[in-house]
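Accompanying notes for the structure given below.
It should be emphasised that the depicted structure is a prediction, and the values quoted were computed from it without experimental measurement.
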Amino acid sequence: MVFARSKLMIQEWCIEEKPVMLTLNYTGPNPQLAVKKYVELVKTIFSVKDSDIQEKVFNWDRSGKEEKFNIEYEVRKDFDQHSYLFVQGTIDGHIVPSEEFGKEGHVRIRIRGAIRAEYPQDTFWQRSLLYEIIRVFYHKVIYSSNWDKYMYDCRERLTMFMKEMKGYFNLLGKSGM
């Protein structure tokens, strides 16, 4: 990630079809356990540390019989000097007490990823037309193979994340734990 007062940011969503947000719904026993599994899978599949994951929103309402929760995460993983993986995820749902499983309810997980490149625009040189021509040439001709590799990697990781989460929900629904 480039640290600059002003910067040019280029972003491309990894999943290009509409909607760019992948969604997974689960109804059954103990859906609250998906929150812990979500963070665990993000760290494993995207190869990030705890410091790369930011919890942007955390709402967990336990005021009534029905618990409601809404959590939003952002993940940033640096690829090189200019580019990084940016992943946004949301977990929301509700839980009610259950005699059979302890708790049951519904959870919805949404996730999307993008590749971003940032170029600083602080100096007179970085804002000049010549620099912009060189930067565009570099990004379109020389850097495009790296960009394509990052996009492929992002798609593969998002797909793997969704498969692992589905597998976890299948186990959770059968065992209740």
Side-chain angles (χ1 to χ4, degrees), residues 1-3 9-80 83-118 149-177:
M1 183 168 19
V2 175
F3 294 101
M9 182 172 64
I10 301 168
Q11 173 178 299
E12 188 174 353
W13 293 110
C14 298
I15 307 293
E16 297 170 358
E17 296 83 24
K18 300 290 182 200
V20 294
M21 186 84 69
L22 299 174
T23 304
L24 185 60
N25 290 299
Y26 168 77
T27 302
N30 297 310
Q32 76 280 3
L33 299 177
V35 175
K36 184 177 179 185
K37 188 64 174 182
Y38 177 92
V39 174
E40 181 183 306
L41 283 176
V42 164
K43 288 194 297 191
T44 303
I45 291 173
F46 293 101
S47 303
V48 295
K49 302 175 291 229
D50 287 330
S51 60
D52 297 327
I53 303 171
Q54 291 183 357
E55 193 175 78
K56 292 298 205 177
V57 174
F58 185 89
N59 294 318
W60 201 296
D61 180 15
R62 296 179 183 211
S63 61
K65 185 178 180 183
E66 178 182 63
E67 296 180 34
K68 294 181 181 178
F69 57 92
N70 179 27
I71 306 165
E72 294 179 18
Y73 291 99
E74 279 186 4
V75 176
R76 291 174 189 243
K77 178 185 175 164
D78 290 335
F79 286 132
D80 58 34
S83 300
Y84 62 93
L85 172 67
F86 177 73
V87 178
Q88 290 178 311
T90 304
I91 305 170
D92 56 51
H94 64 277
I95 311 162
V96 293
S98 167
E99 290 181 19
E100 185 178 354
F101 300 109
K103 293 183 178 184
E104 56 184 327
H106 176 79
V107 67
R108 178 178 64 172
I109 295 176
R110 294 179 297 167
I111 191 168
R112 66 180 173 178
I115 303 300
R116 289 182 174 175
E118 294 180 353
K149 182 174 62 175
Y150 297 153
M151 289 296 290
Y152 178 79
D153 184 52
C154 179
R155 284 187 204 104
E156 288 294 310
R157 289 175 190 252
L158 285 172
T159 304
M160 187 184 313
F161 175 84
M162 292 305 278
K163 285 180 182 176
E164 291 290 323
M165 218 51 218
K166 284 179 187 177
Y168 177 72
F169 284 144
N170 285 337
L171 290 175
L172 193 60
K174 291 175 185 170
S175 68
M177 294 300 236

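Rounding to the nearest 0.5 Å places OG of Ser83 at 11.0 Å from CE of Met151. Rounded to the nearest 0.5 Å, atoms OG1 (Thr44) and NZ (Lys37) are 7.5 Å apart. One distance of note links CG of Asp61 with CD of Glu66; it measures 9.0 Å at 0.5 Å rounding. Atom CE in Met162 sits 10.5 Å away from atom CD1 in Ile45 (nearest 0.5 Å). To the nearest 0.5 Å, atom OH of residue Tyr73 and atom CD of residue Glu55 are 4.5 Å apart. Within the model, atoms CD of Glu74 and CG of Asp52 stand 12.5 Å from one another, a figure rounded to the nearest 0.5 Å.
Note: Phe79 and Tyr150 have parallel aromatic rings, judged against thresholds of 30 and 60 degrees for the angle between ring planes.
Tyr38 pairs in a side chain to side chain contact (heavy atoms under 4.5 Å, CB included) with only one of the listed residues (Ile71, Ile111, Thr90), which is Ile111.
Formation of a donor-acceptor pair under 3.5 Å by the His94 side chain with backbone atoms of Phe69 is not found in this model. One N or O on the side chain of Arg155 and one on the backbone of Cys14 form a donor-acceptor pair closer than 3.5 Å.
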Inset, instruction - Give the C-alpha distance, both sets of side-chain angles, the deciding distance and a yes or no for side chain to side chain contact (heavy atoms under 4.5 Å, CB included) between Val75 and Leu85. - result: CA-CA 8 Å; Val75 176; Leu85 172 67; 5.8 Å; no
Inset, instruction - Determine, stepwise, if the pair Glu118 / Tyr84 fulfils side chain to side chain contact (heavy atoms under 4.5 Å, CB included). - result: CA-CA 9 Å; Glu118 294 180 353; Tyr84 62 93; 2.8 Å; yes
Legend entry - side chain to side chain contact (heavy atoms under 4.5 Å, CB included) between Phe169 and Ile109, worked out: CA-CA 11 Å; Phe169 284 144; Ile109 295 176; 3.7 Å; yes
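Here the side chains of Gln88 and Glu72 are not in contact, with every heavy-atom distance at 4.5 Å or above. Residues Cys154 and Leu158 have side chains in contact (heavy-atom distance under 4.5 Å, counting atoms from C-beta outward). In this structure the side chain of Phe46 never reaches within 4.5 angstrom of the side chain of Ile53, judged on heavy atoms. Val96 is not listed as a side-chain neighbour of Lys65, based on a closest heavy-atom distance of 4.5 Å or more. Two residues are said to be in side-chain contact when any heavy atoms from C-beta on lie closer than 4.5 Å; Gln32 and Glu67 fail this criterion. By the 4.5 Å heavy-atom criterion applied to side chains, Asp92 and Arg110 are counted as neighbours. Within the 4.5 Å cutoff, the side chain of Tyr168 has no heavy atoms near those of the Leu24 side chain.
Atom CZ of Phe58 has more than 12 neighbouring heavy atoms from other residues, nucleotides or ligands inside a 6.0 Å radius.
Across every non-hydrogen atom of Asn25 and Arg108, the tightest pair is OD1-CG, 3.1 Å. When every heavy atom of Trp13 is checked against every heavy atom of Gln11, the shortest pair comes out as CZ2-NE2, 3.2 Å.
Evaluation of the side chain to side chain donor-acceptor pair (under 3.5 Å) rule for Ser47 yields Arg157 as partners, not counting sequence neighbours.
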